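Report on one structure; see the data block that follows.
Residue indices begin at 1 and follow the sequence shown. Model, not experiment: these values are computed from the prediction.
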Amino acid sequence: MEPAAWKAYITETYGADEEYLWQRYPNYCVFRRTDNKKWFALIADVPKAKLRLDGEGVVNVLDVKLDPILVDSLKRSAGFLPAYHMNKATWITALLDGTVPDEQIKILLDMSFEITAPKTKNERKKQ
């Protein structure tokens with residue numbers, strides 16, 4: 001899917017509106033949960049050189065927050081990179097160039113949405 005289609009999918013599926021927070025980066029789009037305002041996704045067009053990818057130009061990416069063990073595992077898979085401008089232990093960057101199947105991206109979005117959910121009373125007590 002193209003970034004516009006991903007933005008529509010995220011808005012429709014999670015009820016999260018697009019937010020453009022940086023004047024310097026007008027194409028960087030953040031999605032937050034409506035209940036606690038935590039970010040769960042970021043879509044951006046990043047110069048390939050900044051991601052240490054071959055070639056010129058930009059590539060569209062999606063950053064999602066995941067369990068650190070899954071992040072570490074995905075870094076070894078095609079289409080995934082250490083998170084761009086996010087905590088590299090808990091966030092991962094997925095290329096939106098067709099390398100990562102759409103169905104896998106949807107699963108990762110679901111996981112990111114869940115991991116950023118408000119903690120329950122029992123979860124807070126355990127901490």
Side-chain angles (χ1 to χ4, degrees):
M1 270 195 265
E2 293 294 316
W6 280 115
K7 291 172 187 176
Y9 172 81
I10 293 169
T11 298
E12 182 179 309
T13 304
Y14 305 103
D17 292 325
E18 302 171 29
E19 290 185 51
Y20 296 87
L21 304 176
W22 305 281
Q23 193 171 19
R24 185 174 174 191
Y25 301 105
N27 296 327
Y28 286 27
C29 176
V30 172
F31 292 91
R32 299 178 198 249
R33 292 184 58 97
T34 57
D35 49 11
N36 62 8
K37 305 298 182 203
K38 287 189 177 183
W39 295 15
F40 69 93
L42 174 128
I43 294 177
D45 57 347
V46 181
K48 289 182 178 182
K50 286 194 177 191
L51 298 172
R52 298 184 179 162
L53 296 174
D54 293 333
E56 307 238 342
V58 298
V59 64
N60 293 303
V61 299
L62 169 75
D63 281 5
V64 289
K65 186 172 186 174
L66 301 170
D67 181 274
I69 294 170
L70 182 55
V71 168
D72 191 50
S73 175
L74 287 173
K75 285 181 194 173
R76 299 183 199 121
S77 303
F80 293 99
L81 303 167
Y84 177 70
H85 273 300
M86 302 296 269
N87 179 319
K88 291 172 182 17
T90 57
W91 287 79
I92 189 123
T93 293
L95 300 178
L96 295 180
D97 64 355
T99 306
V100 181
D102 289 353
E103 288 306 312
Q104 186 175 11
I105 291 173
K106 288 178 181 179
I107 291 168
L108 296 176
L109 280 165
D110 284 343
M111 295 171 100
S112 185
F113 189 77
E114 288 303 314
I115 204 167
T116 57
K119 301 222 183 306
T120 65
K121 203 181 248 188
N122 287 338
E123 290 171 324
R124 279 184 258 142
K125 284 182 182 177
K126 290 178 185 177
Q127 292 179 346

Next on the checklist: Is any side-chain heavy atom of Lys106 closer than 4.5 Å to one of Met1?
Outcome noted: yes
Next on the checklist: For Asn60 versus Pro3, what's the shortest heavy-atom pair and its separation?
Outcome noted: CG-CG, 3.3 Å
Next on the checklist: Within the supplied structure, the quantity of interest is the number of heavy atoms (other residues, nucleotides, ligands) at a distance under 6.0 Å from Ile69 CD1; does it exceed 12?
Outcome noted: no
Item to check | Heavy-atom check, side chain of Ile105 versus side chain of Leu96, under 4.5 Å | outcome: yes
Item to check | Donor-acceptor contact present, side-chain Asp35 to main-chain Ala117, <3.5 Å | outcome: no
Checklist entry - When you look at Leu62 and Trp6, which way does the side chain to side chain contact (heavy atoms under 4.5 Å, CB included) test go after all the steps? => result CA-CA 9 Å; Leu62 169 75; Trp6 280 115; 5.9 Å; no
Next on the checklist: Go through it in stages, so that I can follow the logic: the residues are Phe31 and Tyr14, the test is ring pair (Phe, Tyr, Trp, His ring centres under 6.0 Å), and I'd like the CA-CA distance, side-chain angles, deciding distance and then a yes or no.
Outcome noted: CA-CA 9 Å; Phe31 292 91; Tyr14 305 103; 8.8 Å; no
Item to check | Minimum heavy-atom distance Leu109-Tyr9, with the two atoms named | outcome: CD1-CE2, 4.0 Å
Item to check | Min side-chain heavy-atom separation Thr11-Asp17 under 4.5 Å | outcome: yes
Checklist outcome for this item: The residue among Arg33, Lys37, Lys7, Arg32 that forms salt bridge (Lys or Arg N to Asp or Glu O under 4.0 Å) with Glu19 is Arg32
Next on the checklist: Could you measure the distance from the CG atom of Leu42 to the CH2 atom of Trp91? Nearest 0.5 Å is fine.
Outcome noted: 7.5 Å
Next on the checklist: Assigning hydrophobic clusters by single linkage (Ile, Leu, Val, Met, Phe, Trp, Tyr; side-chain heavy-atom cutoff under 4.5 Å), is Leu81 placed with Tyr84?
Outcome noted: yes
Item to check | Tyr28 and Tyr25 aromatic ring geometry - parallel, tilted or perpendicular at 30°/60° bounds | outcome: parallel
Checklist entry - Can you name the nearest heavy-atom pair linking Cys29 to Glu18, along with the distance? => result SG-CB, 3.5 Å
Item to check | Minimum side-chain heavy-atom gap Ile10-Ile43 below 4.5 Å | outcome: yes
Next on the checklist: Quick one, Leu70 and Met111 - any side-chain contact, counting heavy atoms below 4.5 Å?
Outcome noted: yes
Checklist entry - Does any N or O in the side chain of Thr90 come within less than 3.5 Å of the main-chain N or O of Lys65, such that one atom is a donor and the other an acceptor? => result no
